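Worksheet: the structure to be examined is printed underneath.
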Amino acid sequence: MPELPEVETVRRGLVPSMEGACFARVKVNRPDLRWPFPENMAERLTGARVITLRRRSKYILVDLDRGETLLIHLGMSGRMTVSGDPLGQFVHDHPAQAKHDHVVFDMDNGARITFNDPRRFGAMDLLDTASAEAHPLLAGLGPEPLGNAFDETYLLERLGNRRSPVKSALLDQRVVAGLGNIYVCEALFRAGISPTRKAGQIAAARIAALVPVIREVLSDAIDAGGSSLRDFRQADGELGYFQHSFDVYGREGAPCHRAGCRGHVRRIIQSGRSSFYCPQCQR
Ligand code: ZN
């Protein structure tokens with residue numbers, strides 16, 4: 001499942017083909033994904049020019065010159081592929097239409113963007129740009145973990161009186177937007193905090209230390225995505241899924257990566273999700 005860094009990688013990969021370009025032709029091959037597509041989506045997009053591509057949490061927001069914003073959510077298995085880009089970013093020929101190619105954007109610069117989603121948990125919607133933040137998917141989201149509003153004072157205030165485990169508290173999208181299971185596990189490992197510890201019982205200095213660690217974990221993954229973008233330009237034009245090296249996530253039973261620690265990574269289930277951590281060095 002794509003998390004924030006993967007979505008950011010997709011956004012960055014789409015920018016050269018979409019920003020400044022117009023939708024020349026839009027093909028919608030089915031009525032819905034997770035939810036129905038907005039009414040007349042193809043007609044409303046055709047001819048519109050893309051002003052900018054933004055990201056909020058795990059959503060890509062494509063601002064159009066008509067006062068509307070196209071929201072794209074990759075869901076569990078959504079993939080974006082770019083082909084035919086005349087700017088030389090993605091020089092691949094357009095592939096034959098594949099099963100699960102649900103939406104195809106042909107831009108007026110020759111680029112084609114294909115949205116493929118076998119499990120159909122993805123979504124697209126069209127919203128008024130001016131009131132985009134009030135959209136049900138976006139309203140109530142906490143601050144961006146890489147933004148200025150997410151700082152030590154804020155996190156202390158939000159976690160200070162919580163009785164829930166810190167793992168669940170950080171997964172709460174009202175506390176911080178876009179953090180998912182993988183990067184919460186990785187951040188707690190780097191911070192040396194056990195995922196089972198109650199948020200409100202962690203010393204203030206340790207909570208404060210989580211802020212730069214969360215930013216660092218996400219930035220490292222976005223950097224890894226950046227290098228994968230360069231590879232994709234030479235591969236098949238598919239954006240966003242790249243090889244990660246994790247310290248704890250998916251490493252159950254493997255030796256801890258922390259220098260001098262003899263622990264092994266343990267997996268437990270918290271609120272129905274796997275938590276990976278080192279019981280030796282995460283307290
Ligand atoms: Zn350890």
Side-chain angles (χ1 to χ4, degrees), residues 1-9 57-58 76 142-147 150-173 175-228 240-283:
M1 178 166 181
E3 291 199 18
L4 189 156
E6 290 81 3
V7 176
E8 178 60 20
T9 300
S57 182
K58 290 178 232 177
M76 306 283 283
E144 288 291 317
L146 296 171
F150 182 70
D151 62 14
E152 298 173 359
T153 314
Y154 169 83
L155 195 62
L156 272 169
E157 190 187 297
R158 293 307 300 262
L159 298 191
N161 52 5
R162 285 227 176 194
R163 302 161 78 96
S164 54
V166 62
K167 167 87 186 304
S168 331
L170 290 175
L171 283 177
D172 183 344
Q173 299 298 297
V175 172
V176 52
L179 265 194
N181 201 37
I182 294 174
Y183 295 102
V184 169
C185 289
E186 292 294 302
L188 289 173
F189 170 76
R190 286 200 202 181
I193 297 173
S194 167
T196 61
R197 188 164 284 276
K198 289 189 173 59
Q201 291 178 353
I202 302 171
R206 301 182 76 207
I207 294 275
L210 260 173
V211 171
V213 166
I214 287 169
R215 292 180 190 272
E216 184 186 271
V217 161
L218 294 173
S219 301
D220 286 355
I222 290 170
D223 289 347
S227 43
S228 82
Y241 292 77
F242 42 88
Q243 279 303 313
H244 289 280
S245 54
F246 295 125
D247 281 323
V248 284
Y249 188 82
R251 295 189 66 245
E252 183 180 11
C256 175
H257 275 168
R258 198 182 305 275
C261 179
R262 294 188 173 184
H264 289 79
V265 176
R266 181 182 292 173
R267 182 174 75 97
I268 56 169
I269 304 293
Q270 290 181 286
S271 316
R273 316 280 304 272
S274 287
S275 293
F276 296 89
Y277 73 111
C278 173
Q280 289 292 318
C281 62
Q282 288 180 251
R283 301 300 173 112

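Whatever order the structure lists them in is the order used to number ligands and atoms, beginning at 1. Every value quoted in this text rests on a predicted model; they were computed, and no experiment measured them. Throughout, numbering of the chain's residues begins at 1 and tracks the sequence.
The side chain to side chain donor-acceptor pair (under 3.5 Å) test applied to Glu144 returns Arg55, Arg56, not counting sequence neighbours. Looking at residues two or more places apart in sequence or on another chain, you find no side chain to side chain donor-acceptor pair (under 3.5 Å) involving Glu152.
Residues Asp172 and Arg162 are paired through a salt bridge, judged by an N-O separation under 4.0 Å between the basic side chain and the carboxylate.
Judged by distance alone, with hydrogens and angles left aside, the side-chain atoms of Gln282 form a donor-acceptor pair with the main-chain N or O of Leu188 at under 3.5 Å.
Contacts classified as ring-ring contact (aromatic ring centres under 6.0 Å, His included) and involving residues 254-280 (residues at least two apart or in different chains) are given here: Tyr249-Phe276.
Each of Glu3, Lys167, Glu186, Gln270 was compared with Asn181 under the side chain to side chain donor-acceptor pair (under 3.5 Å) criterion, and only Lys167 meets it.
Counting only protein atoms, the N, O or S atoms lying less than 2.8 Å from the Zn ion (ligand 1) are Cys256 SG, Cys261 SG, Cys278 SG, Cys281 SG, ordered by chain and residue number.
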